[in-house]
Chemist: 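Below are the structure tokens for one structure; questions will follow.
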Amino acid sequence: MSDIKMSDVFDLPVITDYSGVIFDNYCCAIGEVCGTIDQSRLVAHAINSHDKLTARNAELEALIKELIKDNDS
């Protein structure tokens, strides 16, 4: 499941009205309870940031491998 893209699952950006209500269905679907305003904001931020952060992580991993390869030469 590490190759999942949030943009394949959600229409981005995910927006919350900060009441937590928007995420009740989402949270129930994964067996969690979003009981606070802060949780709904954090869920929205995590979903919206995920694809960019995983792409950047892959770029950095490739750079590290290249640097190690160059250093071994």
Side-chain angles (χ1 to χ4, degrees):
M1 200 157 187
S2 63
D3 59 346
I4 193 167
K5 292 181 83 174
M6 292 295 119
S7 58
D8 291 340
V9 180
F10 298 99
D11 292 327
L12 299 179
V14 171
I15 300 170
T16 179
D17 65 0
Y18 299 101
S19 69
V21 173
I22 285 177
F23 294 102
D24 283 348
N25 289 339
Y26 167 73
C27 292
C28 289
I30 60 170
E32 297 290 330
V33 175
C34 290
T36 68
I37 294 169
D38 287 338
Q39 285 176 325
S40 68
R41 284 187 13 221
L42 292 171
V43 169
H45 178 71
I47 291 169
N48 293 330
S49 302
H50 180 268
D51 291 354
K52 181 179 178 181
L53 293 173
T54 55
R56 183 66 176 147
N57 189 48
E59 292 170 2
L60 293 171
E61 286 178 346
L63 178 60
I64 290 170
K65 288 178 184 176
E66 189 63 33
L67 289 170
I68 290 170
K69 181 179 144 188
D70 288 347
N71 201 26
D72 288 342
S73 300

Chemist: Between CG of Leu12 and CG of Asn48, what distance do you get to the nearest 0.5 Å?
Modeler: 5.5 Å
Chemist: Rounded at 0.5 Å granularity, tell me how far NZ in Lys65 sits from CG in Leu60.
Modeler: 12.0 Å
Chemist: Between Ser49 and Ala46, is there a donor-acceptor pair closer than 3.5 Å when you use the side chain of the first and the backbone of the second?
Modeler: no
Chemist: Output the distance between atom OG1 (Thr54) and atom CZ (Arg56), rounded to the nearest 0.5 Å.
Modeler: 12.5 Å
Chemist: Could you give me the CA-CA distance, side-chain angles and deciding distance for Asp70 and Asp72, then say whether side chain to side chain contact (heavy atoms under 4.5 Å, CB included) is met?
Modeler: CA-CA 5 Å; Asp70 288 347; Asp72 288 342; over 6 Å; no
Chemist: How far apart are the closest heavy atoms of His50 and Ile4, and which atoms are they?
Modeler: CE1-O, 3.3 Å
Chemist: Say whether, by atom type as modelled, one donor and one acceptor occur between the side chain of Asp51 and the main chain of Lys5 under 3.5 angstrom.
Modeler: no
Chemist: Please indicate whether Asp8 has more than 12 foreign heavy atoms, meaning atoms of other residues, nucleotides or ligands, lying under 6.0 Å from its CG.
Modeler: yes
Chemist: First locate atom CD1 of Ile68, then atom CD1 of Ile64, and finally report the distance between them rounded to the nearest 0.5 Å.
Modeler: 7.0 Å
